[in-house]
Amino acid sequence: MSPVGQPFLKLPGTNTYRTIPDGLWLHFSPDPADRWADILCIEACSSISNLQDKRARFAPSTTSLLVVCPVAWLMEPVEPGQTIARWQLIRLLREAPVEPLVLPVRDMRVLYGLKSRIYDGFLKTQMPQPHEYFCPMEVLTDEYGHEDPALTALISRASATSNFMTQP
């Protein structure tokens, strides 16, 4: 049983390298015969060294990345007070899980929230990798940040479906 009560990322074959992003959105395969997950990680970075460390964790590599969803998390209700468990909304699961759901990551995008002074310097001097997105931390932590039109547009560009001319 995992001591971690929420989904985390790890390299195959390891029990020591685990990453729990500050935020993690999961999109699961709908097909039990073709199991995968797409992820959008959100990372808050308070310093340049913190940004460099987090960028290194999500740099493209030749190794696989797995997402692990603990049983306890899968069994929890989607919303407080509801009776529908998370696993019931994951179409690739046909029955209640008895072990963690471990899936290969098919696609990964990362949104980095940076303090304004770091964001301004990064914006002027750096080029993001194709899977990276950046915004000021204040937008992410604002009570109404989810309503910010610029943040909404940035998140929509981070969607894998935004790479296609027509939607599936």
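For residues 33-61, the pairs satisfying ring-ring contact (aromatic ring centres under 6.0 Å, His included) are His27-Trp36, with sequence neighbours left out. Listed by first and then second residue, the ring-ring contact (aromatic ring centres under 6.0 Å, His included) pairs involving residues 84-113 are Tyr112-Phe134 (not counting sequence neighbours). The salt bridge (charged side-chain N to carboxylate O under 4.0 Å, His left out) pairs that include a residue from residues 47-57 are Asp22-Lys54, Glu43-Lys54, Asp53-Arg57, Arg55-Glu132, where partners are two or more places apart or lie in different chains.
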Show which side-chain atoms of residues 67-82 pair as donor or acceptor with protein atoms under 3.5 Å away, not counting sequence neighbours.
| unit_1 | atom_1 | unit_2 | atom_2 | d |
| --- | --- | --- | --- | --- |
| Glu76 | OE1 | Arg86 | NH1 | 2.8 |

Show the atom names and distances, to 0.1 Å, of all donor-acceptor pairs under 3.5 Å that link a side chain in residues 89-102 to residues at least two apart or in another chain.
none

Acceptor/donor pairs from residues 115-130 side chains to any protein atom, 3.5 angstrom cut, sequence neighbours excluded:
| unit_1 | atom_1 | unit_2 | atom_2 | d |
| --- | --- | --- | --- | --- |
| Ser116 | OG | Glu138 | OE1 | 2.9 |
| Ser116 | OG | Glu138 | OE2 | 3.4 |
| Thr125 | OG1 | Gly121 | O | 2.8 |

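Hydrophobic cluster membership differs between Met108 and Ile42, with clusters built from Ile, Leu, Val, Met, Phe, Trp and Tyr side chains linked at under 4.5 angstrom. Hydrophobic clustering, with ILVMFWY side chains joined whenever heavy atoms are under 4.5 angstrom apart, keeps Met137 apart from Leu111. Val110 is not connected to Trp25 by any chain of hydrophobic side-chain contacts under 4.5 Å among Ile, Leu, Val, Met, Phe, Trp and Tyr, and they are in different clusters. Leu40 and Leu26 are assigned to two separate hydrophobic clusters, defined by single-linkage of ILVMFWY side chains at heavy-atom distances under 4.5 Å. Neither Leu154 nor Leu51 shares a network with the other; the hydrophobic side chains, linked directly or stepwise wherever heavy atoms of I, L, V, M, F, W or Y lie under 4.5 Å apart, form separate groups for each.
The two residues Asn50 and Cys45 come nearest to each other via the heavy atoms OD1-CA, 3.1 Å. The shortest heavy-atom contact between Gly113 and Leu140 is CA-CD1, 3.6 Å. When all heavy atoms are compared, the tightest approach of Ser159 to Ser162 is O-OG, 2.6 Å. Of all heavy-atom pairs spanning Leu151 and Cys135, the tightest one is CD1-SG, 4.2 Å.
Asp107 pairs by the salt bridge (Lys or Arg N to Asp or Glu O under 4.0 Å) definition with Arg109, not counting sequence neighbours. Listed by chain and residue number, Ser64, Leu66 satisfy the side-chain contact (heavy atoms from CB on, under 4.5 Å) test with Pro12 (two or more places apart in sequence, or in another chain). The side chain to side chain donor-acceptor pair (under 3.5 Å) check on Arg106 picks up Asp38, with sequence neighbours excluded. Listed by chain and number, the residues in a side chain to side chain donor-acceptor pair (under 3.5 Å) with Ser46 amount to none (sequence neighbours excluded). Applying the side chain to side chain donor-acceptor pair (under 3.5 Å) test to Thr141 and every residue at least two apart in sequence or in another chain returns nothing. The side chain to side chain donor-acceptor pair (under 3.5 Å) check on Gln88 picks up nothing, with sequence neighbours excluded.
Atom NZ of Lys10 and atom OG1 of Thr19 lie 12.5 Å apart (nearest 0.5 Å).
With hydrogens and angles ignored, the 3.5 Å screen pairs no side-chain donor or acceptor of Ser29 with any backbone N or O of Ala37.
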